[in-house]
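Before any comments, here is the structure.
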Protein chains: 2
Amino acid sequence: MGYACLMAVDRDHVLRAAAALLTRKSTATMDEVAKAAGISRATLHRHFAGRDALVRALESLGIAECEAALDTARPGEGPAAEAVRRLVRAIEPSAALLAFLYTENQLFEGEQQNAGWTRIDDRISALFRRGQESGEFRIDLTPAWLTEALYGLLASGAWAVLEGRVAAKDFTFMITELLLGGALRREEP
Amino acid sequence: MGYACLMAVDRDHVLRAAAALLTRKSTATMDEVAKAAGISRATLHRHFAGRDALVRALESLGIAECEAALDTARPGEGPAAEAVRRLVRAIEPSAALLAFLYTENQLFEGEQQNAGWTRIDDRISALFRRGQESGEFRIDLTPAWLTEALYGLLASGAWAVLEGRVAAKDFTFMITELLLGGALRREEP
DNA sequence: CTACAGTGAGACGCGAACGTCTCACATGGG
DNA sequence: CCCATGTGAGACGTTCGCGTCTCACTGTAG
């Protein structure tokens with residue numbers, strides 16, 4: 001007895017390794033995942049019933065990280081623009097995992113998606129709506145679209161960093177600046 | 001003899017059907033693709049040696065449509081912002097196919113990608129660079145990132161429309177407005 | 001009418017990945 | 001010391017999609 005905590009640590013470690021690998025190669029084999037995690041395929045199967053269960057676990061991890069990021073970003077406090085900056089900064093470490101899940105979700109077509117995503121969608125949409133109501137954000141772009149665009153930019157950003165097309169240190173800046181300010185040069189106030 | 005043209009028409013029709021299906025379900029079987037195109041699997045194999053060849057053909061189609069869109073958008077003429085609007089409008093019909101190819105490209109990791117993409121990247125980057133040099137666009141977002149972000153927004157937009165989260169008629173507007181103007185409300189000039 | 005190109009339906013073997021199983025080994029606790 | 005638990009290695013059968021093949025049918029050109 002007393003191994004429960006060790007198990008959890010191991011499981012989390014496997015999950016991280018799987019996320020890191022699948023982010024780069026979404027079609028990786030169970031064998032490759034096991035190898036990447038430094039364990040055997042048998043042990044991998046002892047932790048996760050199958051590939052499906054593994055992806056579901058990764059989904060749960062992604063949802064948990066998103067909600068944690070939302071919690072630390074305090075999207076209800078201060079100017080909405082600042083809240084968006086805090087959110088992107090908080091979510092940056094999870095961006096690659098999110099990018100993987102974002103594309104993987106297209107495979108779940110038909111089945112209803114995990115309720116966690118709609119919870120997250122709602123919280124982010126609420127942030128954009130708050131910014132609109134306070135007059136910070138323009139009202140001709142729907143909160144749903146801004147939320148979707150945020151996901152898309154996070155995914156593109158993570159992917160571009162992974163491929164070396166943009167510098168990792170610019171990730172947050174480029175996403176927030178484009179999302180909030182756009183490409184047009186702003187007139188000085 | 002004399003069937004060459006008919007063959008080409010058929011091939012194009014199959015390609016369109018495959019694009020429409022794979023856009024929605026990227027893991028569709030060759031059998032499903034054939035069924036979607038209204039032909040048998042044997043005939044599908046007569047047109048495209050294998051699944052790989054089919055995806056390559058779709059890639060060529062996507063590249064051709066992108067370059068055609070770039071041609072009609074005349075990215076070198078007029079204000080850069082207007083050129084971007086024209087480009088997005090011209091590329092909209094191909095957005096779903098592009099979204100599919102954009103995610104599919106992650107599978108080509110390792111192998112060098114089709115030269116067509118770098119050609120397109122260069123033309124779009126040049127457009128953003130032109131906007132920066134003319135003073136229209138801000139210079140703290142690199143053309144490479146703006147190009148990448150455009151791809152991401154096109155993919156997110158196509159996907160959101162496909163899922164019914166945003167209206168299809170708003171596609172171009174939402175992408176161009178977000179890309180150019182961002183979410184922040186602009187001060188009246 | 002005859003010949004033939006194109007097609008659809010289906011059978012067949014192949015290979016990859018999966019999920020399950022067994023067995024031997026090691027490590028830590030009683 | 002002995003036992004038990006977790007692990008690694010590997011074998012095994014199954015499933016699934018792919019690619020190839022054959023064969024019968026159809027429509028059209030000669």
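Labels below follow one simple rule: chain letters A, B, ... track the order of the sequence lines, proteins then strands, and each chain is numbered from 1. Here the structure is a predicted model, which is why all the values come from computation and not from measurement.
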Strictly under 4.0 angstrom, non-hydrogen atoms only: write out the protein contact profile of nucleotides 13-27 of chain D, one letter per nucleotide from the 5' end, B, S or -. ----SBBB-------

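Computed from coordinates, the B/R11 CZ to C/dT7 P distance equals 13 Å when rounded to whole Å. The NE2-P distance, from B/H47 to C/dG6, rounds to 10 Å in whole Å. The interatomic distance linking A/L44 (CG) with C/dG19 (C1') rounds to 12 Å, in whole Å. The distance from atom CD of A/E32 to atom C1' of C/dC18 is 13 Å, rounded to the nearest whole Å.
Of the charged side-chain nitrogens involved, at least one lies within less than 4.0 Å of a carboxylate oxygen, so that B/R123 and B/D71 count as a salt-bridged pair. Taking a cutoff of 4.0 Å between a charged side-chain nitrogen and a carboxylate oxygen, B/E177 and B/R85 qualify as a salt bridge. Between A/R130 and A/E136, no side-chain nitrogen of the basic residue sits less than 4.0 Å from a carboxylate oxygen of the acidic one, so the salt-bridge criterion is not met.
When only modelled atom types and interatomic distance are considered, B/S156 and A/E148 share no side-chain donor-acceptor pair under 3.5 Å. Inspection of the A/T103 and B/T103 side chains reveals no N or O donor paired with an N or O acceptor under 3.5 Å.
Listed here is the closest heavy atom pair of A/L184 and B/R186: O-NH2, 3.7 Å. Of all the heavy atoms in B/G50 and B/M30, the pair that sits closest is C-CE, 3.8 Å. Annotation for A/L180 and A/A81: closest pair CD1-O, 3.8 Å, computed over non-hydrogen atoms.
Under 4.0 angstrom from either OP1 or OP2 of C/dG8 there lies at least one side-chain N or O belonging to B/T43.
Paired runs in DNA chain C that reach 3 or more consecutive Watson-Crick or G-U pairs, where each pair keeps both distances under 3.5 Å, cover C:1-30 with D:1-30.
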